[in-house]
*Asks:* 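Let me give you the structure first, and then I'll get to my questions.
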Amino acid sequence: MTFTSIILRLELDHRMAALGDAIDVITASGGDITSMDMVRPGRDKSVCDITIHVTDTAETAVLDAVKLYPGLRLIHVSDRTFLMHLGGKISIQPTVPIKNRDDLSRVYTPGVARICTAIRNNPDSAYTLTIKRNTVAIITDGTAVLGLGDIGPSAALPVMEGKAMLFKQMAGVDAFPICLDTKDPNEIVDIVKKISPVFGGINLEDIGAPRCFEIERRLAEELDIPVLHDDQHGTSIVVAAGLLNALKVVGKRLEDIRVVVNGIGAAGGSICRMLLSMGVRRLVPVDRDGAIVHGDRYANPMWQWLAEQPQVERKSGTLREVLAGADVFIGVSRGGVLHADDIRQMSPDPVVFALANPVPEIEPAEARPLARVLATGRSDYPNQINNALVFPGIFRGALDCRARRINDRMKLAAAQAIAGVVSDHELNRDYIIPGVFNERVVPRLRRAVIEAAIETGEARRIPPDFRNGSTG
Ligand SMILES: NC(=O)C1=CN([C@@H]2O[C@H](COP(=O)(O)OP(=O)(O)OC[C@H]3O[C@@H](n4cnc5c(N)ncnc54)[C@H](O)[C@@H]3O)[C@@H](O)[C@H]2O)C=CC1
Ligand SMILES: CC(=O)C(=O)O
Ligand SMILES: [Mg+2]
């Protein structure tokens, strides 16, 4: 059951209905009134807005009751979530005002020509003289949007706008959504390369597997700015951070645990890679047709790579079968595929990360009594594992040191930095991962990413707070 907040715009015909009647009808049918505004008072008829808090199940009952009541006319219903998206959620603001002709001749012609010439003579100066230094392109083709699937580029735009807001609010990064009307990997690579002069980094988002692997690999090879597919690496970094802390809660070691990852798409493939690089020795990747088995052959390149890894078990079976005796379940598949009985078969103190959005693999209320540590992608439960914890800070760090790439060391450093935000005395089963608004996350992540970039030779610039041997 989820709550939503809606605004009913009602016309009251005073011959038949007063405001009190509207209030009675709404509350009697399950709506909790949180505010009222008279929009257009009148002698015979009035128009008012009534904001109500209501469960998704009661919403229809409230609307039906209002529609049936004599003297009430429902003009429209606004969902507050929809209202926040009206007109889009971001805009572009100039950094300096143009106050007079003199300013105009500097920001635009003729003065701007000198800046253009300077960049032509020294292409690197684009980093200091244009928006490139601080701007990231958020690229999607709309083929794997949240858990909604292939909903197309226009429908993907609200997610990308939301990411741009988070980039700016959390880390001061200017990010711009670019939703491409093509699914052809060659065309996507080509377009992104052609628009790359404007950007200091490329954040790929919600591009379906397995195409996302090739697109990311080629862009990372062919561009000299960092390219990160967030559903792969943002997710694997935040999952790794959560797992490091969850294992402290249950008192188990990475080398000893048996981990089942369900859903080997963009997120699941990268999580498996990250787990192996961290030292997990027993891994069972599972997709729709059951476990991916060591030694078997697969057309999907990620599955084939996994089947070649010695840590991947030789055991076939359904999710339910392979989950028996596992210490950790990580779901990045789809809602409702995990059941309470499956968790009962896991080892003592099971760790369950049910991360499918918007509906997790199991209802949190059902899993919580059974799992020692439960995490979901949702903000309405403790332990929200969401890649929103990663992308602002990792790009802040990569942009500030002008990293060529975001390599594996930088990713691992990012995971350790996020885990480290939760101190040992704060750590408990309901607090394994810091919240998205925790102000320590972005600075710690930035620092860790820059240090790792410098150590691994990816940094092309030493930020001022790292100069003279200073690490801050
Ligand atoms: N909480 C978070 O931060 C994040 C959550 N996610 C969620 O994870 C899910 C997957 O996302 P992506 O990897 O980007 O999508 P994807 O489409 O690349 O991969 C999904 C994979 O799940 C598999 N799958 C579907 N039904 C399954 C089932 N019943 N059992 C086992 N596997 C099944 C598909 O075959 C596919 O391989 C989505 O629900 C997404 O919202 C993804 C990224 C971040
Ligand atoms: C959070 C995210 O990136 C997803 O669900 O696709
Ligand atoms: Mg995504």
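Here the structure is a predicted model, which is why all the values come from computation and not from measurement. Both counts, for ligands and for their atoms, begin at 1 and track the order of listing.
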*Asks:* Just which atoms of ligand 1 are under 4.0 Å from any heavy atom in Ala356?
*Replies:* 7 (C), 39 (O)
*Asks:* Check each atom of ligand 1 against the heavy atoms of Gly377 and keep those under 4.0 Å away; list them by number with element.
*Replies:* 1 (N)
*Asks:* Let me see the working for Asp342 and Arg320 under salt bridge (Lys or Arg N to Asp or Glu O under 4.0 Å), right down to the final yes or no.
*Replies:* CA-CA 6 Å; Asp342 304 334; Arg320 174 140 222 220; 2.7 Å; yes
*Asks:* Which residue and non-hydrogen atom of the protein lie closest to atom 22 (O) of ligand 1, and at what distance in Å?
*Replies:* Gly263 CA, 3.5 Å
*Asks:* Using a 4.0 Å cutoff against the non-hydrogen atoms of Ala267, which atoms of ligand 1 qualify?
*Replies:* 13 (O)
*Asks:* Considering only heavy atoms of Ile385, which atoms of ligand 1 have at least one such atom less than 4.0 Å away?
*Replies:*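 Selected atoms, number and element: 1 (N), 2 (C), 3 (O).
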*Asks:* Could you tell me whether the Mg ion (ligand 3) has an N, O or S atom of Asp230 under 2.8 Å away?
*Replies:*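 No, since none of the N, O or S atoms of Asp230 sits under 2.8 Å from the Mg ion (ligand 3).
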*Asks:* So, using salt bridge (Lys or Arg N to Asp or Glu O under 4.0 Å) as the criterion, who are the partners of Lys252 when residues are at least two apart?
*Replies:*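 Lys252 satisfies salt bridge (Lys or Arg N to Asp or Glu O under 4.0 Å) with Asp327 only.
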*Asks:* Can you list the steps and then say if Ile138 with Phe167 is a side chain to side chain contact (heavy atoms under 4.5 Å, CB included)?
*Replies:* CA-CA 10 Å; Ile138 306 171; Phe167 263 117; 4.0 Å; yes
*Asks:* What is the minimum heavy-atom distance between Ile207 and Ile139, and which atoms define it?
*Replies:* CD1-O, 4.0 Å
*Asks:* Heavy-atom contacts with Asp231 under 4.0 Å: which atoms of ligand 1 show up? List them by number with element.
*Replies:*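 Those atoms are 14 (O), 43 (C).
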*Asks:* Just go through Gln232, Glu205, Arg288 and tell me whose heavy atom is the nearest to atom 25 (C) of ligand 1.
*Replies:*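 Minimum heavy-atom distance to atom 25 (C) of ligand 1 goes to Arg288.
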*Asks:* Check each N or O atom of ligand 2 against all protein N or O atoms and list the pairs under 3.5 Å, with atom names and distances to 0.1 Å, one per line.
*Replies:*
unit_1, atom_1, unit_2, atom_2, d
ligand 2, 3 (O), Glu205, OE2, 3.0
ligand 2, 3 (O), Asp231, OD1, 3.0
ligand 2, 3 (O), Asn387, ND2, 3.1
ligand 2, 5 (O), Asn357, ND2, 2.9
ligand 2, 6 (O), Asp206, OD1, 3.2
ligand 2, 6 (O), Asp231, OD1, 3.0

*Asks:* Is the count of non-hydrogen atoms from other residues, nucleotides or ligands lying under 6.0 Å from Asp341 atom CG greater than 12?
*Replies:*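 Enclosed.
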*Asks:* Against heavy atoms of Ala209, which atoms of ligand 1 measure under 4.0 Å?
*Replies:*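 In order of numbering, the contacting atoms are 18 (O).
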*Asks:* Just checking, is any N or O donor in the side chain of Arg258 or Ser347 under 3.5 Å from an acceptor N or O on the other one?
*Replies:* no
*Asks:* Would Asp184 and Thr182 count as having a side-chain donor-acceptor pair, cut-off 3.5 Å?
*Replies:*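 Judged by distance alone, the side chains do not pair up.
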*Asks:* Is the NZ or CZ atom of Arg461 both under 6.0 Å from the centre of the six-membered ring of Phe466 and within 45° of that ring's axis?
*Replies:* no
*Asks:* Can you pull out the closest protein heavy atom to atom 18 (O) of ligand 1? Residue, atom name and distance to 0.1 Å, please.
*Replies:* Ala266 N, 2.9 Å
*Asks:* Under the criterion side chain to side chain donor-acceptor pair (under 3.5 Å), I'd like the reasoning laid out for Asn383 against Arg429: C-alpha separation, chi angles, the key distance, then a yes or no.
*Replies:* CA-CA 8 Å; Asn383 297 332; Arg429 68 181 290 233; over 6 Å; no
*Asks:* Taking 4.0 angstrom as the limit and counting only heavy atoms of Gly147, give me the atoms of ligand 1 inside it, by number and element.
*Replies:* 38 (C), 39 (O), 41 (O)
*Asks:* Could you identify the N, O or S atom of Glu205 positioned closest to the Mg ion (ligand 3)?
*Replies:* OE2
*Asks:* Among the N/O/S atoms of Asp206, select the one at the shortest distance from the Mg ion (ligand 3) and name it.
*Replies:* OD1
*Asks:* Please examine the side chains of Leu219 and Lys193, heavy atoms only from C-beta on, and report whether any two atoms are closer than 4.5 Å.
*Replies:* yes
*Asks:* Please report which non-hydrogen protein atom sits nearest to atom 35 (O) of ligand 1, along with the residue it belongs to and the distance in Å to one decimal place.
*Replies:* Asp287 OD2, 2.6 Å
*Asks:* Give the minimum heavy-atom separation between Ile292 and Val312, together with the two atoms involved.
*Replies:*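 Heavy atoms only, the tightest pair is O-CG1, 3.6 Å.
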*Asks:* Heavy atoms only, cut-off 4.0 Å: how does Ile264 contact ligand 1, side chain, backbone, both, or neither?
*Replies:* backbone
*Asks:* Please state which protein non-hydrogen atom is closest to atom 17 (O) of ligand 1 and give its distance, to 0.1 Å?
*Replies:*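 Scanning the protein heavy atoms, the shortest distance from atom 17 (O) of ligand 1 goes to Ala144 CB, 4.2 Å.
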*Asks:* Decide salt bridge (Lys or Arg N to Asp or Glu O under 4.0 Å) for Lys183 and Asp150; before the verdict, give the C-alpha distance in whole Å, the side-chain angles of both, and the deciding distance to 0.1 Å.
*Replies:* CA-CA 10 Å; Lys183 298 179 190 178; Asp150 184 356; 2.6 Å; yes
*Asks:* Mind listing the closest non-hydrogen atom pair of Leu204 and His229 along with its distance?
*Replies:* O-CD2, 3.2 Å
*Asks:* Any nitrogen or oxygen of Thr235, main chain or side chain, under 3.5 Å from a nitrogen or oxygen of ligand 1?
*Replies:* no
*Asks:* Without hydrogens or angle criteria, can the side chains of Asp206 and Thr140 be said to hold a donor-acceptor pair below 3.5 Å?
*Replies:* no
*Asks:* For atom 10 (C) of ligand 1, what's the nearest protein heavy-atom neighbour? Residue, atom name and distance, please.
*Replies:*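 The protein heavy atom lying closest is Val332 O, 3.2 Å.
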*Asks:* Among all the protein's non-hydrogen atoms, which is closest to atom 5 (C) of ligand 1, and how far away is it?
*Replies:*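 Ranked first by proximity to atom 5 (C) of ligand 1 is Leu355 O, 3.2 Å.
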*Asks:* Walk me through whether Arg334 and Asn357 qualify under side chain to side chain donor-acceptor pair (under 3.5 Å).
*Replies:* CA-CA 7 Å; Arg334 49 172 299 189; Asn357 284 325; over 6 Å; no
*Asks:* Mind checking whether Ile432 and Val422 have side chains closer than 4.5 Å, heavy atoms only?
*Replies:* no
*Asks:* What protein heavy atom sits nearest atom 29 (N) of ligand 1, and how far away is it?
*Replies:* Val337 CG1, 3.3 Å
*Asks:* Restricting to N/O/S, name the atom of Asp231 that gets closest to the Mg ion (ligand 3).
*Replies:* OD1
*Asks:* Need the ligand 1 atom indices (1-based, order shown) with element for anything under 4.0 Å from a heavy-atom of Asn386.
*Replies:*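 Listed by number with element: 3 (O).
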*Asks:* What is the nearest protein non-hydrogen atom to atom 19 (O) of ligand 1, stated with its residue, atom name and distance?
*Replies:*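 Going atom by atom, the protein heavy atom closest to atom 19 (O) of ligand 1 ends up being Gly265 CA, 3.3 Å.
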*Asks:* Any side-chain heavy atom of Arg273 within less than 4.5 Å of one from Met302?
*Replies:* yes
